Amino acid sequence: MAQAVEEWYKQMPIITRSYLTAAVVTTIGCSLEIISPYHLYLNPKLVVKQYQFWRLITNFLYFRKMDLDFMFHMFFLARYCKLLEENSFRGRTADFFYMLLFGASVLTGIVLIGGMIPYLSESFAKIIFLSNSLTFMMVYVWSKQNPFIHMSFLGLFTFTAAYLPWVLLGFSVLVGASAWVDLLGMIAGHAYYFLEDVYPRMTGRRPLKTPSFIKAFFADEAVVVARPANVRFAPPPAEELHRD
């Protein structure tokens, strides 16, 4: 059993493995009171006035209590982050990292701007950890890129992947979780999907092209499909058919 888990962990792509490890270590550390969540949450005043820039990152690593909700989000993180990195972003690690960076920036911007809007500031002030939202963003992007895959929710009913974010949103509401957190993830996910997949098809321009300095950090290898030596992919010329 332990060996199987170790193999599963080692086979994860680099970004998924790194994020999952950081999230689990951070959450366990807080549960054991080794780390204080008060040093991790998103606090704009402390970021600007006391230069505690690490909060812009650590608020995406803590997943609250280690309960059923934590297990669900770890499953979503391990599954959909892995599926995106291995399929849609195969051979494009830098692009995948840039997607996460874009999502984190959008989520942070929404919370900061929302905190300055009258009548909404109180609701946004309660959102101090965006880890669940970033996970939900990955689920949303995956569902948009794989809309026709058939899925089942707890064996109760089946649906296509296009409806997965809405099913999970409804489940969150039923268990008493905040719908705001999931909605923010859907907004960030749709922003990425539109700018990366829809807008380029409409205009021929790609506004979310990964910067070269980010690509420099990752040694992406081109995905090459090997062609066997003696396999023909087209009918042989007519003269070869009559050659003895």
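On a predicted model such as this, the values are computed, not experimentally measured, just so you know.
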Is [Y] reachable from [X] through a run of I, L, V, M, F, W or Y residues, each pair having side-chain heavy atoms under 4.5 Å apart?
X: Phe102; Y: Val198; answer: yes
X: Phe75; Y: Ile15; answer: yes
X: Leu77; Y: Ile28; answer: yes
X: Trp54; Y: Tyr51; answer: no
X: Phe89; Y: Ile214; answer: yes

[atom1] of [X] to [atom2] of [Y]: how many Å apart, nearest 0.5 Å?
X: Leu130; Y: Leu61; atom1: CG; atom2: CG; answer: 11.5 Å
X: Leu164; Y: Ser143; atom1: CG; atom2: OG; answer: 6.0 Å
X: Asp95; Y: Glu85; atom1: CG; atom2: CD; answer: 11.5 Å
X: Lys209; Y: Glu196; atom1: NZ; atom2: CD; answer: 11.5 Å
X: Leu112; Y: Leu42; atom1: CG; atom2: CG; answer: 6.0 Å

- prompt: Do the rings of Phe97 and Phe218 sit parallel, tilted or perpendicular, given the 30° and 60° boundaries?
  reply: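 The arrangement is tilted - the two ring planes meet at 30° to 60°.
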message: Between His190 and Met186, does the side chain to side chain contact (heavy atoms under 4.5 Å, CB included) criterion hold? Intermediate values first, please.
response: CA-CA 6 Å; His190 192 75; Met186 293 174 70; over 6 Å; no
Do any N or O atoms from the side chain of [X] and from the backbone of [Y] form a donor-acceptor pair under 3.5 angstrom?
X: Asn146; Y: Ile149; result: no
X: Thr26; Y: Ala23; result: no
X: Arg55; Y: Tyr41; result: yes
X: Thr16; Y: Met12; result: no
X: Ser131; Y: Phe60; result: no
X: Thr27; Y: Phe63; result: yes

query: Is the NZ or CZ atom of Arg205 both under 6.0 Å from the centre of the six-membered ring of Tyr199 and within 45° of that ring's axis?
result: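 No, Arg205 does not sit over the ring of Tyr199.
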Looking only at heavy atoms, which two atoms of [X] and [Y] are closest? And how far apart?
X: Leu107; Y: Leu134; value: CD1-N, 3.7 Å
X: Arg206; Y: Pro200; value: CA-CG, 4.2 Å
X: Ala188; Y: Gly103; value: CB-O, 4.3 Å
X: Tyr140; Y: Gly189; value: CD2-C, 3.5 Å

task: Given salt bridge (charged side-chain N to carboxylate O under 4.0 Å, His left out), test Arg90 with Glu86 step by step and report yes or no.
output: CA-CA 5 Å; Arg90 183 182 179 187; Glu86 286 185 340; over 6 Å; no
Would you say that [X] contacts [Y] through its side chain, given a criterion of any heavy-atom pair below 4.5 Å between the two side chains?
X: Ser88; Y: Leu83; answer: no
X: Thr135; Y: Met74; answer: no
X: Tyr192; Y: Val106; answer: no
X: Leu100; Y: Phe96; answer: yes
X: Met137; Y: Met99; answer: yes
X: Phe148; Y: Thr160; answer: no

Going by side chain to side chain contact (heavy atoms under 4.5 Å, CB included), name the residues that satisfy it together with [X], two or more places apart in sequence or in a different chain.
X: Ser18; value: Ile14
X: Asp197; value: Gln145, Tyr193, Arg201
X: Ser36; value: Tyr38, His39

- request: Show your reasoning for whether side chain to side chain contact (heavy atoms under 4.5 Å, CB included) applies to Asn59 and Ile128.
  value: CA-CA 7 Å; Asn59 82 91; Ile128 56 178; over 6 Å; no
message: Using ring-ring contact (aromatic ring centres under 6.0 Å, His included), reason through Phe159 and Phe157 one step at a time and then give a plain yes or no.
response: CA-CA 7 Å; Phe159 54 93; Phe157 59 92; 5.7 Å; yes
message: Which residues pass the salt bridge (Lys or Arg N to Asp or Glu O under 4.0 Å) test with Lys10, not counting sequence neighbours?
response: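 Testing Lys10 for salt bridge (Lys or Arg N to Asp or Glu O under 4.0 Å), a comparison that skips the adjacent residues, returns Glu6.
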Set of residues satisfying salt bridge (Lys or Arg N to Asp or Glu O under 4.0 Å) with respect to Lys144, sequence neighbours excluded: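 Expected list: none.
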query: Is Leu101 atom CG crowded by more than 12 heavy atoms from other residues, nucleotides or ligands, each under 6.0 Å away?
result: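 Count over threshold, so yes.
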field: Heavy atoms from other residues, nucleotides or ligands near CH2 of Trp166 exceed 12 (cutoff 6.0 Å)
entry: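 Atom CH2 in Trp166 is not packed in, count stays at 12 or less.
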field: Thr210 vs Arg92, side chain to side chain contact (heavy atoms under 4.5 Å, CB included): CA-CA, chis, key distance, verdict
entry: CA-CA 10 Å; Thr210 305; Arg92 299 191 296 131; over 6 Å; no
- prompt: Just one of Leu168, Val141, Val181 clears the side chain to side chain contact (heavy atoms under 4.5 Å, CB included) bar with Phe136, so which one?
  reply: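 It is Leu168; the other options fail the test.
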- request: State which residues pass ring-ring contact (aromatic ring centres under 6.0 Å, His included) with Tyr62; sequence neighbours excluded, sorted by chain then number.
  value: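 For Tyr62, the residues satisfying ring-ring contact (aromatic ring centres under 6.0 Å, His included) (neighbours in sequence not counted) are Phe129.
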message: Does Tyr9 form a side-chain hydrogen bond (donor to acceptor under 3.5 Å, both in side chains) with Thr21? I'd like the steps, not just the answer.
response: CA-CA 10 Å; Tyr9 178 78; Thr21 302; 2.5 Å; yes
message: Set out, in order, the CA-CA distance, both residues' side-chain angles and the distance that settles side chain to side chain contact (heavy atoms under 4.5 Å, CB included) for Met151 and Thr158, then state yes or no.
response: CA-CA 5 Å; Met151 310 188 73; Thr158 59; over 6 Å; no
